[in-house]
Amino acid sequence: MTDPARRDYSRSRAVLMGTWEYTDFQDVRAVERSFNRMRDLLLDPVCGPWPEESIVRFENRPTLGRTHVELIDAFREATDVAFFYYVGHGIYDHRERLCLTVGDTRTDAHYTAATGLSFEAVRDAFRSSPAAVKIAVLDCCYAGLATEEYGRLSADRLLPATGAYLMMSSSAYETSWYELEAVADAQTYFTKALVDTVHEGVPGGPAGLTFDHIFGVVADQLVGNGRPEPGRRVEDHAAGWVFASNNAPDAPPEPGADPDTVYREAYRRETKEGVERLPVIAAMYRAAAAAGHTPSMNRLGQIAEGRVQARMQGIEPGPVDGAALLEATQWYTKASEAGDPVGPLHLGQLYEEQYKDQDRALHWYALAVRRGNSAAQERLTGLEQRVRLGIDAPRQPGDEGDEQSEPARPPSATGNNVVGLAFEVLRERWLADWDGMESLAFADCLDVLTDACGGPYGEWAALDEAERGRVLADFAAQLPPRAELARAARRYYEAVGPGNLRDHAAALRRRAK
């Protein structure tokens, strides 16, 4: 059945889980608002509505308790649809498994699985369910770990019509973002985009919206605004299951229509049509921008930079200069002067990366942060550190002294000398913390070392690839225990000395020769 309003949800169950108050983690009120918005969405006629008795809430639970058992109980009652939604902090345990947190979940990886709900437990609940369609929506850090090798959502004995859909706010080792409390009615970016898309509909889409229809719009919107790129995984026919009615108007907006309507239609065409239609799309954005619509101004800036064309063609954007750079600056400035929180972030990037004016970049990043743009905070913090330490931007490929980087690896035993063999034994013991998986060990080392060196836009950003590889290999060669990895990275950076990373990398290169 394609009309949600005519569907009988008495044979379906939706389990909504959200946590926003913690012992070990930072409290996030934006999570509470996103949890309530998802609940209200299911109760809205656009999604049916779902009856109250078919919705089970795991709301801000202080401890795990019987959560796994209650989840299994709920899904065993579902024969049509089993729907699971989680919003809150995500964390991975000592075996790189995704865990969904409750109030007293421990940050220590050795206790994470014992104090949080592992996604494997959610899979167990789905496997126990006779539901024909199984949907999981995860709005948390490291959500992409849910796609790892620990099984599928499908039942052991497949029904004649079965399917599963997994939608994730972030990749396996990427954080999810939320609006700062300075923003009125702050929410998590992913859930806000998802719920707003369902309420507004998809112009030009069918009468019934599947998660595939919704995901495409949400993903393009988040990526276009500089947010983490969401992911999905589909099994069998779940992509065709209709989640909501399409509230969007059937026809494109008329001239003189509401700027929001014009923007949505222009954005729909941008995501669906070819690059040859870009002049028409840009004209629609200009019409909305003339009415003071700041998101349209930002899109015009992205078009001037060549970013929209590149994404439509599936290529990397090229360099921007001259008239194109001036036009992008003008559009972002107009959006900023109108109070927009995204325009100052784009201006900060232009002044930092194109004009090489750090003072103005700091000004615009700080303005974006004051307006509640959390994406600008990392940029601001990183640039402030580099300015404080007197560090230039990283060298570009082709600069003098540039070299091809080799994959970083800790030194291994060579020959049969006793020292080399002893080190190899110690290294194998060290990798045991990661179940012998060197790639995971290096990924963790890279994460903590980047943070210790000022974050992705701090002093670490001043190194080129070869320099980063040498420093990472040197840090990993010290075999820091996994439980103390972050502390070891901070000690390593302190020993090198803030502002000395590039000189340290050069010394490592000379030592290797």
Side-chain angles (χ1 to χ4, degrees), residues 1-4 7-18 34-35 37-44 46-51 54-58 71-88 90 98 100 117 119-140 143-147 151-155 158-159 161-170 188 190-191 193-195 197-198 202 208-219 230-245:
M1 182 178 294
T2 59
D3 184 0
R7 185 181 290 137
D8 179 8
Y9 286 100
S10 65
R11 298 186 299 273
S12 299
R13 291 294 180 271
V15 177
L16 309 183
M17 181 175 178
S34 292
F35 178 88
R37 286 205 73 195
M38 180 58 74
R39 176 203 61 204
D40 293 344
L41 178 66
L42 295 185
L43 296 172
D44 191 284
V46 72
C47 287
W50 289 63
S54 291
I55 300 177
V56 180
R57 305 175 192 175
F58 298 163
L71 182 60
I72 293 173
D73 288 343
F75 282 171
R76 282 177 62 84
E77 295 175 353
T79 56
D80 286 353
V81 180
F83 179 89
F84 179 79
Y85 166 79
Y86 175 79
V87 60
L98 176 65
L100 313 178
L117 181 68
F119 191 72
E120 185 63 19
V122 179
R123 281 199 183 93
D124 285 342
F126 274 119
R127 291 190 190 102
S128 72
S129 175
V133 175
K134 299 164 184 181
I135 309 290
V137 178
L138 304 179
D139 188 359
C140 62
L145 286 173
T147 64
R152 299 184 174 187
L153 304 184
S154 306
L158 301 182
L159 298 174
T162 185
Y165 200 106
L166 175 60
M167 187 184 295
M168 302 153 287
S169 63
S170 60
T188 60
F190 176 75
T191 295
L194 191 156
V195 175
T197 297
V198 173
V202 179
L209 296 179
T210 67
F211 272 105
D212 261 2
H213 294 123
I214 297 164
F215 177 85
V217 176
V218 170
R232 61 182 164 179
R233 173 157 302 180
V234 189
E235 295 179 12
D236 301 321
H237 74 278
W241 183 75
V242 173
F243 176 67
S245 301

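Predicted model, so just to flag it, every value in this text is computed and none were measured. Just so it is clear, the values below take in all heavy atoms, side chains as well, and ignore hydrogens, waters and symmetry mates.
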Exercise. So do F58 and L117 actually touch side chain to side chain, heavy atoms under 4.5 Å?
Worked result: no

Seminar exercise, completed: With sequence neighbours left out, the residues meeting side-chain hydrogen bond (donor to acceptor under 3.5 Å, both in side chains) with D80 are R11

Problem set entry | ring pair (Phe, Tyr, Trp, His ring centres under 6.0 Å) partners for F75, two or more places apart | F126

Problem set entry | Between CZ on residue R13 and OG on residue S129, distance to nearest 0.5 Å | 10.0 Å

Exercise. Residues in side-chain contact (heavy atoms from CB on, under 4.5 Å) with R39, at least two apart?
Worked result: L16, N36, L43, R57

Seminar exercise, completed: Between P130 and R76 the two heavy atoms that sit nearest each other are CD-O, 3.8 Å

Problem set entry | With R37 via side-chain hydrogen bond (donor to acceptor under 3.5 Å, both in side chains) - residues at least two apart | Q187, D196

Problem set entry | Residues that V198 engages under side-chain contact (heavy atoms from CB on, under 4.5 Å), provided they are two or more places apart | L41, V46, C47, L194, I214, F243, A244

Problem set entry | Set of residues satisfying side-chain contact (heavy atoms from CB on, under 4.5 Å) with respect to D124, sequence neighbours excluded | H68, E120, R127

Problem set entry | Beyond-backbone contact of T147 with M168, side-chain heavy atoms, under 4.5 angstrom | yes

For this session: Compare all side-chain heavy atoms of L42 with those of Y9 and state whether any distance is below 4.5 angstrom.
Result: no

Exercise. Considering all heavy atoms of both residues, which atom of L138 and which atom of F190 are nearest to each other, and what is their separation?
Worked result: O-CE2, 4.1 Å

For this session: Using the test salt bridge (charged side-chain N to carboxylate O under 4.0 Å, His left out), find all partners of D212 that sit at least two apart in sequence or belong to another chain.
Result: R232

Exercise. Just checking, is any N or O donor in the side chain of T210 or Y165 under 3.5 Å from an acceptor N or O on the other one?
Worked result: no

Problem set entry | Rounded distance [0.5 Å steps], CG in D139 versus OH in Y86 | 9.5 Å

For this session: With sequence neighbours left out, write down each residue that passes side-chain contact (heavy atoms from CB on, under 4.5 Å) with S170, or none if nothing qualifies.
Result: A143, E174, S176

Exercise. With a 4.5 Å heavy-atom cut-off, do V234 and F215 have their side chains touching?
Worked result: no

Exercise. Which value, rounded to the nearest 0.5 Å, describes the distance between W50 atom CH2 and S12 atom OG?
Worked result: 4.5 Å

Seminar exercise, completed: Minimal heavy-atom distance between G88 and C140, with the atoms involved, is O-CB, 3.1 Å

Exercise. Could you walk me through whether F83 and V137 pass the side chain to side chain contact (heavy atoms under 4.5 Å, CB included) check?
Worked result: CA-CA 8 Å; F83 179 89; V137 178; 4.1 Å; yes

Problem set entry | Residues forming a side-chain hydrogen bond (donor to acceptor under 3.5 Å, both in side chains) with S34, sequence neighbours excluded | T188

Exercise. Excluding sequence neighbours, so at least two apart, what forms side-chain hydrogen bond (donor to acceptor under 3.5 Å, both in side chains) with T197?
Worked result: none

For this session: Determine whether T191 and F35 make a side-chain contact, defined as any pair of heavy atoms from C-beta on separated by less than 4.5 Å.
Result: no

Exercise. What distance separates R123 CZ from L166 CG, expressed to the nearest 0.5 Å?
Worked result: 7.5 Å

